[in-house]
There are 2 protein chains.
Amino acid sequence: MITNKKKSKKERITSQKKIILGYLKSAKTHPSAEIVFKEVRKKLPRISLGTIYRILKNLKEKGEILEIPSDISRYDGNISAHSHFFCQSCGKIFDVFDKAPILKVGKLKVGKIKSYQVYFYGKCKNC
Amino acid sequence: MITNKKKSKKERITSQKKIILGYLKSAKTHPSAEIVFKEVRKKLPRISLGTIYRILKNLKEKGEILEIPSDISRYDGNISAHSHFFCQSCGKIFDVFDKAPILKVGKLKVGKIKSYQVYFYGKCKNC
DNA sequence: GTGCCTGCAAACATTTTGCAAAAAC
DNA sequence: GTTTTTGCAAAATGTTTGCAGGCAC
């Protein structure tokens, strides 16, 4: 007899997770994994880049942070409704709260929408 | 005296460029560089992956194709106004012509918008 | 013929993974 | 004590690049 005993593995709260999430929530920039590594290492000097990647992936899957895909992924601890502006001159990413289209999240012909993202591209004020 | 003699290098039309662009214009999927390589190699057996990447970058910069960033970049030969739906179950990308928000492209507080993209995430009809 | 473009292979950057030791519970 | 997580290093992946020969013009 095969019992479908699901070994529900319990997730643990570690200082690494707390500090990475805390850093992302406070960061106003949209740091890459490498930047998160450099910053978090100030508090946890022995942390490794592999751990950074593992925790970022974990937080993303739980929906606590956002991944902004690009040639180098960047991360956003602000999960409230807003969009992003990429400056094509300096490469910086800015938050956009105005003009963020609030779309009715629902059904499309192709499937059911769970979330969406809007990205703007252009030239920022400083460039 | 420094003369700003700009050596305007003239771009050449090669069979590689024509065939890659032709393939992307006809493709209904959103192929990765690897897929483009496999498909284009049917017509040009000696083409290399490096050339694929170089030409994709070139076409993107000229605005003839679109790059859809992700862990693996994918390319779209259709540059008319539409958005994309990512199925989080099967990984497929679908074109979305309905519900694509037509935003007034103009100025934001942070800078001037040149273009924008909308990405939907969810579960497709088949999954 | 000149100069841009390609094929090839090596280099590069980012991200993932296997494993033993450490930490959380 | 058990099980998850970490640090470390090595591997895997996707993409870029240098160079000599080839091709477009």
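Quick note on labels: first sequence line is chain A, next is B, and so on, each numbered from 1.
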OP1 or OP2 of [N] less than 4.0 angstrom from a side-chain nitrogen or oxygen of [X], does that happen here?
| X | N | answer |
| --- | --- | --- |
| T14(B) | dC5(C) | no |
| S73(B) | dT15(D) | yes |
| K10(B) | dG3(C) | no |
| R46(B) | dC8(C) | yes |
| Y53(A) | dT16(C) | no |

Does E11(B) pair with K17(B) as a salt bridge, N-O distance under 4.0 Å?
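So E11(B) pairs with K17(B) through a salt bridge.
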
Specify the separation, in whole Å, of atom [atom1] of [X] and atom [atom2] of [N].
| X | N | atom1 | atom2 | value |
| --- | --- | --- | --- | --- |
| E34(A) | dT16(C) | CD | P | 14 Å |
| I19(A) | dA24(C) | CD1 | C1' | 15 Å |
| Y75(A) | dT14(C) | OH | C1' | 10 Å |
| I20(B) | dG7(C) | CD1 | C1' | 13 Å |
| I72(A) | dT16(C) | CD1 | C1' | 17 Å |
| K57(A) | dT5(D) | NZ | P | 14 Å |
| N58(B) | dT16(D) | CG | P | 13 Å |
| E67(B) | dG14(D) | CD | C1' | 12 Å |

With nearest nucleotides of DNA chain D determined for I13(B) and S70(B) from heavy-atom distances, which residue corresponds to the more 5′ nucleotide?
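On the 5' side of the pair lies S70(B).
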
Please determine, for the side chain of [X], which listed nucleotide ([options]) has the closest atom?
| X | options | answer |
| --- | --- | --- |
| Q16(A) | dT15(D), dG7(D), dA24(D) | dG7(D) |
| K17(B) | dT15(C), dC5(C), dG7(C) | dC5(C) |
| E11(A) | dT5(D), dT17(C), dG18(D) | dT5(D) |
| R54(A) | dT15(C), dT6(D), dC25(D) | dT6(D) |
| R12(B) | dT17(C), dC4(C), dT6(C) | dC4(C) |

Side chain to side chain donor-acceptor pair (under 3.5 Å) partner of E67(B), chosen from Q117(B), K60(B), K57(B), R74(B):
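For E67(B), the side chain to side chain donor-acceptor pair (under 3.5 Å) test succeeds with only one of Q117(B), K60(B), K57(B), R74(B), which is K60(B).
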
Count the heavy atoms of every other residue, nucleotide or ligand shown that sit under 6.0 Å from NZ of K109(B), and state whether that count exceeds 12.
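Not buried by this count: 12 neighbours or fewer within 6.0 Å.
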
Might you confirm whether atom NZ of K25(A) has over 12 heavy atoms from other residues, nucleotides or ligands at distances under 6.0 Å?
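Correct, the count exceeds 12.
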
Sub-6.0 Å ring centroid separation between Y116(B) and Y119(A)
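For Y116(B) and Y119(A), the ring centres are not under 6.0 Å apart.
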
G50(A) vs T51(B), nearer the 5' end of DNA chain C by closest nucleotide:
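Looking at DNA chain C, the more 5' nearest nucleotide goes with T51(B).
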
